[in-house]
Each structure stands twice: as structure tokens, then as C-alpha cells.
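Comments concern the structure below.
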Amino acid sequence: MIRFGIPSDGALHKDTIEFLFNCGLEIRRSNPRSYTGEIINNPEVIVHFQRARDITLMIENESIDIGIVGYDRYMESKDPQIDTELLVKKLGFGQCKLSLAVPEAWLDVSNLADLSEVAIQFRERGMELKIATKFPRLVERHMVERGLNYFSLMSTSGTLEAVPALGYADLIADIISSGNTIKQNNLKTLKGGDIIASQACLIGNRSSLTDEPNSMSEYKSIIRAIESYLKSKDKPSDA
């Protein structure tokens, strides 16, 4: 039996279901409020609808075997001490970037070097540059690796784009797709401010699968179906 976690809502939910359908892995759900479903013609796979932010953790603790999440969320959440595996890094949907964005009013700030100078100026005045984000691990690593050390991270579960105008933080590090939302909130991205490029990926815990040898054939059939569909998309169409 394979336990397959997919996002229950959010940006990846609908696209994940459509993607799996195109792979020949059509999901049937008894009712829209059910947290489980099945793949038609494959009774050995149980689909678990879970919050995207929880899927990595559930694979780490072996509550589910494989799952689809955003690469950004996987890299933010994964525990390096636990054996999870990136099975298919690029599924071809859910493309976005985790990027820094500052107020447009900061006319002299266009790149990370400028931002570093602002952080130093804040520190000299006894203040700290405040960055609001839902990805503290990735943001901190990015900043420190680039020599920007004087900042503090502000956690929030709400809409980040409004945070600078409210005074809760000076800038944000958020998921950006088209960029329209940050422009509407008078923010701008920085050169060198892209922290990670992301799209949907397939992750898994091989340990939980190898504990159940009978599940390996089902696991491999899912991987083959996904890889076959991705290869078919890459083939040029006939002229």
C-alpha cells in the first residue's frame, strides 16, 4: 500500500490533480470534504489530502510515503538529519520564486549591496533591518551567505505584501509568481534578491517503502507514469 500526499488547498491543489490526471493517475474522492481518496484502477494507492506545509514533515515521520510539494517549501521544512529524498525535482507546474522585495520609495536600494548598506545604517542608529517572511531558514541562509548579517526575521501567517506599509517590517521575502501583487502594494524586487527558484516536486521516504517490499512495485509504477508524461511533454511535436 502506497500513501500518497498531495496539497489539500492553495496554489498547488488544482494543478496537482490535473497533473496526475495527465499522467494517467486520476484521483477519485468520495466527497470534497474527505481527507482521503484513491487513484482509479490502482487500489493499492491511498491519496491523502494535506496542507502543503505539512507534507514534508509527514514523509519524514513516515505517516505518508511520497508526496507533491513546492520545492521551496521542501527546502525550508526538511530536516537534514532525516532520510527524505527528492524523487522528481521538476514536475513542470507551480513555478515561482522566493524573493526579497523592498518599498518602491527606497529609490537608492536596487540590489543586495544597497540593502547591506541600509542594514549597517540601521545598526548604527541602534535599529535592526526587519524582514517579514514565511521561509526563515532559506532567507537567513541566503542573507548570511552573501555577507548581510545585520537583520532580524519577523514571522507572520498573514499577507506579507501589506506588512511594510503597516510598519511591522521594513521589507519582505515572499513567493512571487507574476510580480503584479508586489507592484500593486508599492514594492519592488532587488537584483540578486532571488533566494530560490521553485516549482512542484515529488519527494519520498525510501525507508518507509523498503519496509514494505510489496509496495515497491506500486511506487515504481507511479514514478514511471510521471516520468513518461514529463518525457512526452519534452518531445517536439510533428511538423
Side-chain angles (χ1 to χ4, degrees), residues 2-25 27 39 45 47-100 133-142 145 173-179 192-210 215-236:
I2 297 292
R3 299 161 298 175
F4 193 171
I6 71 169
S8 58
D9 54 18
L12 290 182
H13 171 67
K14 182 178 178 180
D15 288 346
T16 295
I17 293 175
E18 181 178 349
F19 171 79
L20 292 174
F21 176 84
N22 291 333
C23 294
L25 302 169
I27 294 174
I39 292 180
V45 179
V47 176
H48 294 269
F49 295 90
Q50 297 293 325
R51 293 185 304 176
R53 62 186 296 177
D54 294 335
I55 289 176
T56 300
L57 175 61
M58 295 183 72
I59 286 179
E60 288 178 342
N61 65 28
E62 301 187 18
S63 298
I64 55 179
D65 303 304
I66 59 175
I68 290 178
V69 295
Y71 180 67
D72 52 349
R73 178 55 62 188
Y74 170 65
M75 293 302 294
E76 172 69 22
S77 303
K78 76 183 188 77
D79 185 338
Q81 305 300 319
I82 299 179
D83 184 25
T84 58
E85 187 169 352
L86 188 60
L87 303 174
V88 183
K89 183 176 180 179
K90 298 179 179 180
L91 295 180
F93 65 95
Q95 290 89 344
C96 61
K97 291 181 179 180
L98 175 63
S99 303
L100 295 166
T133 186
K134 298 175 184 177
F135 296 83
R137 290 182 182 176
L138 291 176
V139 173
E140 181 173 20
R141 185 183 311 145
H142 181 83
E145 286 177 350
D174 198 13
I175 296 299
I176 297 175
S177 297
S178 66
D194 290 341
I195 296 168
I196 189 171
S198 178
Q199 60 178 279
C201 63
L202 181 71
I203 62 175
N205 188 322
R206 283 194 187 273
S207 296
S208 67
L209 292 168
T210 54
S215 299
M216 288 302 294
S217 61
E218 299 300 332
Y219 156 74
K220 290 178 180 179
S221 71
I222 292 172
I223 296 293
R224 283 196 300 268
I226 290 174
E227 291 180 340
S228 176
Y229 172 66
L230 292 175
K231 286 179 182 177
S232 72
K233 286 180 62 180
D234 291 336
K235 289 182 180 178

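For the numbers below, each heavy atom of this structure counts, side chains included, while hydrogens, waters and symmetry mates do not.
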Say you draw a straight line from [atom1] of [X] to [atom2] of [Y]; how long is it, rounded to the nearest 0.5 Å?
X	Y	atom1	atom2	answer
Glu76	Lys134	CD	NZ	12.5 Å
Gln95	Lys90	CD	NZ	9.5 Å
Leu202	Leu20	CG	CG	9.0 Å
Leu98	Thr133	CG	OG1	5.5 Å
Ile175	Asp72	CD1	CG	4.0 Å
Ile203	Tyr71	CD1	OH	11.5 Å

If I compare all heavy atoms of [X] with all of [Y], which pair ends up nearest, and what's the gap?
X	Y	value
Phe135	Arg73	CZ-NH2, 3.5 Å
Ala200	Ile68	CB-CG2, 4.2 Å
Gly192	His142	O-NE2, 3.4 Å
Ala173	Val139	CB-CG2, 3.5 Å
Cys201	Gly70	SG-C, 4.2 Å
Pro7	Phe49	O-CD2, 4.3 Å

Using modelled atom types and a 3.5 Å cut-off, is there a donor and acceptor pairing between side-chain atoms of [X] and backbone atoms of [Y]?
X	Y	result
Gln50	Ile55	no
Glu62	Ile59	no
Glu85	Gly204	no

Does the side chain of [Y] come within less than 4.5 Å of [X]'s, by heavy atoms?
X	Y	result
Ile39	Ile2	no
Ser8	His48	no
Ile226	Leu87	no
Phe93	Asn22	no
Glu227	Leu230	no
Ile27	Thr16	no
Ile222	Glu218	no

- [ ] Give a yes or no on this: more than 12 heavy atoms of other residues, nucleotides or ligands lie within 6.0 Å of atom NZ of Lys78.
- [x] yes
- [ ] Assign the ring pair Phe19 / Tyr229 to parallel, tilted or perpendicular, where the plane angle (0 to 90°) is split at 30° and 60°.
- [x] perpendicular
Open item on the list: Distance alone, cut at 3.5 Å: any donor-acceptor contact between the side chains of Asn205 and Thr84?
Closed with: no
